[in-house]
*Asks:* 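Dropping the structure in here first, questions after.
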Amino acid sequence: MTCLECKKELGYLDHKNAMDSLGVELCEQHHERMQGLIKKYDTPLEAIQLYYGLKEAGVQAMLEWWDGKKSIDIAISRVKLNIEIDSEYEKLTEKQAINNLEETMHSFKSGFTTIRIPHIVVRYYLNETVKNIMGIMEGLKANIKVI
């Protein structure tokens with residue numbers, strides 16, 4: 001058991017605390033850092049889990065990246081991909097839907113593609129989600145080279 005961030009060997013308590021609260025293996029220092037991120041940005045747990053899933057797959061992503069207008073759950077700048085985790089999609093109102101569409105339009109105008117992933121998909125299908133995002137990245141890389 002090692003910290004996914006710094007590769008430090010984890011003791012039982014650090015492992016248990018991080019797994020119980022975040023669902024990922026982190027040392028005390030990185031666990032506290034993620035808890036601070038959750039408090040500051042209301043970061044969904046699934047965003048943290050997906051971030052570390054992508055990191056384990058070799059993807060250089062950023063958590064809570066500021067795009068000039070708002071904080072993005074996960075950004076992969078190399079291919080200009082923004083990932084938002086929808087944690088309350090069941091309660092989506094028409095106003096929220098149009099705001100989401102406008103945010104997507106603004107990021108697209110800036111050259112970024114935004115995808116929204118329901119939190120439940122990350123929670124139960126993390127590996128498949130990572131594989132699909134890597135496929136999206138391949139497509140975006142191919143399009144970047146064409147342009």
Side-chain angles (χ1 to χ4, degrees), residues 1 3-6 10 14-147:
M1 298 179 295
C3 176
L4 293 173
E5 192 66 45
C6 66
L10 297 179
D14 286 340
H15 170 77
K16 181 172 176 18
N17 289 340
M19 290 301 291
D20 287 351
S21 65
L22 300 174
V24 293
E25 292 181 329
L26 295 174
C27 66
E28 184 178 5
Q29 177 186 358
H30 289 106
H31 181 227
E32 287 176 12
R33 193 176 288 173
M34 288 300 122
Q35 293 290 14
L37 208 59
I38 291 168
K39 280 183 186 173
K40 184 173 184 178
Y41 297 105
D42 198 25
T43 306
L45 289 177
E46 292 81 7
I48 293 168
Q49 293 165 356
L50 181 57
Y51 168 77
Y52 282 109
L54 289 166
K55 185 175 179 126
E56 283 187 284
V59 176
Q60 291 183 355
M62 296 171 284
L63 256 176
E64 294 301 345
W65 180 69
W66 182 254
D67 74 349
K69 290 191 95 172
K70 69 181 205 88
S71 188
I72 304 297
D73 289 336
I74 299 173
I76 305 170
S77 61
R78 177 172 232 145
V79 293
K80 296 188 171 191
L81 177 63
N82 293 337
I83 302 169
E84 293 286 349
I85 304 299
D86 284 336
S87 55
E88 296 185 17
Y89 62 93
E90 298 100 0
K91 303 172 191 169
L92 189 68
T93 66
E94 293 86 358
K95 184 172 175 55
Q96 289 169 317
I98 198 68
N99 284 340
N100 287 349
L101 185 59
E102 286 175 4
E103 288 172 3
T104 300
M105 179 212 34
H106 287 296
S107 71
F108 196 74
K109 282 183 175 180
S110 298
F112 282 81
T113 300
T114 299
I115 59 172
R116 296 184 178 284
I117 302 173
H119 73 286
I120 204 93
V121 172
V122 176
R123 185 178 299 160
Y124 294 109
Y125 302 100
L126 178 62
N127 292 333
E128 293 88 339
T129 304
V130 169
K131 286 178 190 170
N132 282 302
I133 290 171
M134 292 179 76
I136 291 167
M137 289 173 59
E138 286 177 31
L140 289 171
K141 279 182 194 174
N143 289 330
I144 288 171
K145 289 178 185 173
V146 170
I147 297 171

*Asks:* What distance do Tyr51 atom OH and Leu4 atom CG have between them, rounded to the nearest 0.5 Å?
*Replies:* 10.0 Å

*Asks:* Check Cys6 against His30 and note the closest heavy-atom contact, atom names and distance.
*Replies:* CB-CE1, 3.5 Å

*Asks:* If I compare all heavy atoms of Leu126 with all of Leu50, which pair ends up nearest, and what's the gap?
*Replies:*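 Shortest heavy-atom contact: CD1-CA, 3.8 Å.
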
*Asks:* Considering only heavy atoms from C-beta outward, does the side chain of Lys80 approach that of Thr113 to under 4.5 Å?
*Replies:*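 Result no, sub-4.5 Å side-chain heavy-atom pair not found.
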
*Asks:* After noting the C-alpha distance and the side-chain angles of Thr104 and Arg116, does the key distance pass the side-chain contact (heavy atoms from CB on, under 4.5 Å) rule?
*Replies:* CA-CA 9 Å; Thr104 300; Arg116 296 184 178 284; 4.2 Å; yes

*Asks:* How long is the gap from CD on Glu46 to OH on Tyr124, to the nearest 0.5 Å?
*Replies:* 9.5 Å

*Asks:* CD1/Ile76 to CD1/Ile83 distance, rounded to the nearest 0.5 angstrom?
*Replies:* 4.0 Å

*Asks:* Side chains of Leu26 and Tyr52, heavy atoms from C-beta outward: is any pair under 4.5 Å?
*Replies:*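 When only atoms from C-beta onward are counted, Tyr52 and Leu26 do touch, with a gap below 4.5 Å.
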
*Asks:* Do Arg123 and Ile120 have side chains that approach each other closer than 4.5 Å (heavy atoms only, starting at C-beta)?
*Replies:*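 Touching, per the 4.5 Å side-chain cut-off.
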
*Asks:* Below 4.5 Å, heavy atoms only, C-beta onward: do Leu45 and Val122 meet side chain to side chain?
*Replies:*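 The answer is no; the side chains never approach within 4.5 Å.
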
*Asks:* Is Glu94 atom CD crowded by more than 12 heavy atoms from other residues, nucleotides or ligands, each under 6.0 Å away?
*Replies:* no

*Asks:* Measuring from atom CG of Asn17 to atom CD of Glu32, what distance do you get when rounded to the nearest 0.5 angstrom?
*Replies:*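 Nearest 0.5 Å value for the CG-CD distance: 10.0 Å.
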
*Asks:* Would you please say whether a donor-acceptor pair under 3.5 Å links the side chains of Glu102 and His106?
*Replies:*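 No - no donor-acceptor pair under 3.5 Å links their side chains.
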
*Asks:* Kindly indicate whether the side chain of Leu63, heavy atoms from C-beta on, has any atom under 4.5 Å from the side chain of Tyr41.
*Replies:* no

*Asks:* Does Asn100 form a side-chain contact (heavy atoms from CB on, under 4.5 Å) with Thr114? I'd like the steps, not just the answer.
*Replies:* CA-CA 10 Å; Asn100 287 349; Thr114 299; over 6 Å; no

*Asks:* Do you know which of Glu28, Met34, Arg33, Gln35 makes side chain to side chain contact (heavy atoms under 4.5 Å, CB included) with His31?
*Replies:*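 For His31, the side chain to side chain contact (heavy atoms under 4.5 Å, CB included) test succeeds with only one of Glu28, Met34, Arg33, Gln35, which is Gln35.
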
*Asks:* Does any part of the side chain of Met134, heavy atoms only, come nearer than 4.5 Å to the side chain of Val59, both counted from C-beta?
*Replies:*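 Contact flag for Val59/Met134 side chains = yes.
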
*Asks:* Is the shortest heavy-atom distance from the side chain of Ile133 to the side chain of Ile74 under 4.5 Å?
*Replies:* no

*Asks:* Is the number of heavy atoms from other residues, nucleotides or ligands under 6.0 Å of Lys70 NZ greater than 12?
*Replies:*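 Yes - once you tally the heavy atoms of other residues, nucleotides and ligands closer than 6.0 Å, there are more than 12.
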
*Asks:* Under 3.5 Å, is there a donor-acceptor pair between the side chain of Asp73 and the main chain of Ala47?
*Replies:* no

*Asks:* Could you tell me whether the side chain of Lys55 reaches within less than 4.5 Å of the side chain of Glu5, counting heavy atoms only?
*Replies:*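 Yes, side chains in contact.
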
*Asks:* In Å, rounded to the nearest 0.5 Å, how long is the span from CG of Asp42 to OG of Ser71?
*Replies:* 10.5 Å

*Asks:* Where do Cys27 and Cys3 come nearest, in terms of heavy atoms and distance?
*Replies:* N-SG, 3.3 Å

*Asks:* Roughly how far, to the nearest 0.5 Å, is CD of Gln49 from CG of Leu22?
*Replies:* 8.0 Å

*Asks:* Of the non-hydrogen atoms in Val130 and Gly53, which two are nearest, and what is the gap between them?
*Replies:*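 Heavy-atom minimum between the residues: CG2-C, 3.8 Å.
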
*Asks:* Does a sphere of radius 6.0 Å around CG in Asp20 hold more than 12 heavy atoms from other residues, nucleotides or ligands, not counting ones at 6.0 Å or beyond?
*Replies:*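 Yes - once you tally the heavy atoms of other residues, nucleotides and ligands closer than 6.0 Å, there are more than 12.
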
*Asks:* Would you say Glu25's side chain and Met19's backbone share a donor-acceptor pair under 3.5 angstrom?
*Replies:* no

